[in-house]
Amino acid sequence: MVRTAVLVSGDGTNLQSIINAQNFGKIKNCQLAAVISSRPEAFALTRAKSAGIPTFVVEYKHFSNRAAFNEAVYQKLKSLDIELVVLAGFMVVLGSPVIEAFENRIINIHPSLVPSFCGEGFYGIRVHEEALNYGVKVSGATAHFATAVADAGPVIIQRAIEVRENDTPSSLQKRIMEEVEWKILPEAISLYCEGRLSVVGRIVNIKDKGVYS
Ligand code: GRF
């Protein structure tokens, strides 16, 4: 079983999708060992507790700089013997030493088809505002390995949906979450935990592609 920590900051609907998929047996060989939040008031913590997952808070604003915060997150992950880290609405861009120590072992979900509408500052509703302002006809979400550069690591799964003429940023956000994010994040976790992912440079190869159980 791959000891997995899910890092959160907010509502935790992506965390919920992971918990649900785990309960339905859709994620293979994964142990949800911890949920770590950067904010004590995050509702994601309540979801984790209801699911019986140990919770921890490493509060971002308690640290004088990002390096100190990263060190604290790293120590927490090490002390919990975590192999896989999942960023599910985690609002801090991780850096050294976490990124190096967990190379190709941190999965992030981003609500656009990267490399469009992503990177520093692209989070929440802004992603969908920019996509609609640009006039794209499809959008979607991307599950990828995290590197030191926001949303720029090797792509694991991307899936698109059509943009509708009457879409607003919030209707697009909702559809992408429900139809894409909540599906591809658990799928990417399972692929990792089943040992079906290999990374060469920035290319992720999936063993027996198309067989998502
Ligand atoms: C999601 O849209 C996710 O793609 C992004 O942040 C949002 C988190 O929502 N990284 P939630 O906390 O999982 O509900």
Side-chain angles (χ1 to χ4, degrees), residues 4-23 26-27 32 34-51 53 55-60 73 84-95 98-99 102 106-132 136 138-161 163 167-189:
T4 301
V6 184
L7 274 53
V8 296
S9 300
D11 191 22
T13 61
N14 276 288
L15 168 66
Q16 192 66 55
S17 77
I18 297 166
I19 293 168
N20 294 349
Q22 175 83 328
N23 289 343
K26 289 187 172 171
I27 303 181
L32 296 175
V35 167
I36 302 172
S37 177
S38 62
R39 291 171 60 237
E41 65 275 25
F43 186 66
L45 290 168
T46 306
R47 296 179 190 272
K49 284 177 192 145
S50 306
I53 305 168
T55 60
F56 305 88
V57 175
V58 182
E59 195 170 2
Y60 185 63
V73 171
L84 175 67
V85 177
V86 178
L87 308 180
F90 189 62
M91 296 308 288
V92 186
V93 180
L94 285 174
V98 186
I99 287 289
F102 288 85
I106 305 174
I107 296 176
N108 183 44
I109 182 81
H110 182 76
S112 76
L113 298 170
V114 306
S116 292
F117 314 116
C118 63
E120 204 81 53
F122 279 88
Y123 59 86
I125 200 74
R126 182 169 169 223
V127 176
H128 308 287
E129 286 167 354
E130 298 280 344
L132 288 180
V136 293
V138 293
S139 192
T142 304
H144 66 92
F145 285 117
T147 60
V149 181
D151 307 322
V155 172
I156 305 168
I157 305 176
Q158 283 187 309
R159 204 161 292 157
I161 59 162
V163 174
D167 259 327
T168 62
S170 52
S171 70
L172 185 59
Q173 179 182 49
K174 183 168 182 285
R175 232 167 46 257
I176 287 175
M177 285 188 100
E178 293 176 356
E179 294 178 19
V180 187
E181 293 181 54
W182 298 348
K183 295 194 173 126
I184 68 172
L185 184 57
E187 285 174 6
I189 295 168

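Just follow the structure's listing: the first ligand is 1, and inside any ligand the first atom is 1. Here the structure is a predicted model, which means the values were calculated and not measured.
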What protein heavy atom lies closest to [atom]? Include the residue and the distance to one decimal.
atom	result
atom 12 (O) of ligand 1	G12 N, 2.9 Å
atom 10 (N) of ligand 1	I109 O, 3.2 Å
atom 8 (C) of ligand 1	G89 CA, 3.5 Å
atom 14 (O) of ligand 1	T13 OG1, 2.6 Å
atom 4 (O) of ligand 1	E181 OE1, 2.5 Å

According to the side chain to side chain donor-acceptor pair (under 3.5 Å) rule, which pairs have a member within residues 117-126, sequence neighbours left out?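 Matches after skipping sequence neighbours: R126-E130.
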I need the E129 CD to Q173 CD distance, nearest 0.5 Å.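 So the gap between those two atoms works out to 9.5 Å.
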Taking atom OG1 of T142 and atom CD1 of I184, what is their separation to the nearest 0.5 Å?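 Spacing of OG1 (T142) from CD1 (I184) equals 6.0 Å.
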Determine whether any heavy atom of P111 lies closer than 4.0 Å to an atom of ligand 1.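 It does, in that a heavy atom of P111 comes within the 4.0 Å cut-off of ligand 1.
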Could you check which of V180, V8, I125, N14 puts a non-hydrogen atom nearest to atom 13 (O) of ligand 1?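 Closest candidate by heavy-atom distance is N14.
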May I ask you to check if ligand 1 and G10 share an N or O to N or O distance below 3.5 Å?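 By distance alone, the answer is no.
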Side chain or backbone, does M177 bring an N or O within less than 3.5 Å of an N or O on ligand 1?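 It does not: no N or O of M177 is found under 3.5 Å from an N or O of ligand 1.
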Which heavy-atom pair separates L15 from R47 by the least distance, and what is that distance?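 Looking at all heavy atoms of both residues, the shortest contact is CD2-CB, 4.3 Å.
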Does a salt bridge link K174 with E178, judged by any charged N lying under 4.0 Å from a carboxylate O?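 Between E178 and K174 there is a salt bridge, with a charged N closer than 4.0 Å to a carboxylate O.
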Strictly by salt bridge (charged side-chain N to carboxylate O under 4.0 Å, His left out), give each pair with a member in residues 140-153 just once, sequence neighbours left out.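 Matches after skipping sequence neighbours: none remain.
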Run the numbers on I53 and I19 for side chain to side chain contact (heavy atoms under 4.5 Å, CB included), then give the verdict. CA-CA 9 Å; I53 305 168; I19 293 168; 3.9 Å; yes
